[in-house]
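Remarks on the structure that follows.
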Amino acid sequence: MRNILIRVDRPKGSLVVLTGGDGVLAVDSRGKFTGNASSVLIRNRDAFAASGFDVLLVEKGTSLADAVRHMEALKRPVTIVATSAGTPRAAEGLRAGARPDRLILTSGFLSRKSGPGSSVANILGSPAALPSTLVIHHRQDGCRFTSPAGVAPFIAWSKGRAKVEWLSGGTENDKPCRFDAHHGFAGQDAELVARIVGFASP
């Protein structure tokens, strides 16, 4: 596994970032991306750093508990930011003992009504391990795993621990689960980054 740490001078917080898809950070020995570089959170890594955050991109299989502890030693608050198929992996990390200060779920596999497969609510069972949580979702997300219909049941399940911010607009294509569709907030990077860093800021 290759995790990527981006440090900044005088950080105001830390982000632990989980990409979607297969969860692999396709980088070569020099740290250059050879794939997945256009995934929404990966392509905005430098924007997160420019906003004053230390950023840790974590590959699938990494212990989120260890990742959070590592970033706590650098700068709190620590926020896990996950997108798409990374959101159930975030839930698995919470279930295994990761304790971030905050959690952001974008285009999430949130509840049974989100679509087929595991969801954050299903994995956790109870919202007890859920920190203060922001859901960011596109109103026209057409991916079959992340239907907007799954958001309201998740917010209700969270018992006050989660809130939602909706995005509209941007661009779509004929593959609705891709990074360059509403699912990946295509054409809306600046607005998405602003929502993320606003919630993660102390």
Side chain to side chain contact (heavy atoms under 4.5 Å, CB included) test vs Arg195 passes for just one of Thr106, Ile104, Leu167, namely Leu167

>> Atom NZ of residue position Lys12 - does it have more than 12 heavy atoms of other residues, nucleotides or ligands inside 6.0 Å?
In response: yes

Note: Gly93 and Leu64 closest approach over all heavy atoms is CA-CD1, 3.9 Å

Report task. Indicate if Leu105 and Leu41 have the same hydrophobic cluster label, given that clusters are the connected sets of ILVMFWY residues with side-chain heavy-atom separations under 4.5 angstrom. Result -> no

*Evaluate the criterion side-chain hydrogen bond (donor to acceptor under 3.5 Å, both in side chains) for residue pair Thr19 and Ser39; output intermediate values, then yes/no.*
CA-CA 7 Å; Thr19 189; Ser39 176; 2.7 Å; yes

Heavy-atom nearest pair, Gly184 first then Val40, reads O-CG2, 3.5 Å

Going by atom types only, do Ser114 and Ser147 share a side-chain donor-acceptor pair under 3.5 Å?
-> no

Exercise. Please say whether more than 12 non-hydrogen atoms of neighbouring residues, nucleotides or ligands are located less than 6.0 Å from CZ in Arg99.
Key: yes

Review point. Using 30° and 60° as the class limits, which term best fits the ring planes of His138 and Phe185: parallel, tilted or perpendicular?
Key: tilted

The reported gap from CG in Leu15 to NZ in Lys75 (rounded to nearest 0.5 angstrom) is 13.5 Å

Q. Are Ile196 and Val17 connected in a single hydrophobic cluster, I mean Ile/Leu/Val/Met/Phe/Trp/Tyr linked by side-chain heavy atoms less than 4.5 Å apart?
A. yes

### Query
So, do Phe48 and Phe53 have ring centers that fall under 6.0 Å from each other?
no

Scanning both residues in full, the closest heavy-atom pair of Gly108 with Thr146 reads O-CG2, 3.4 Å

- Query: Looking only at side chains, do His183 and Ser84 share a donor and an acceptor under 3.5 Å apart?
  - Reply: yes

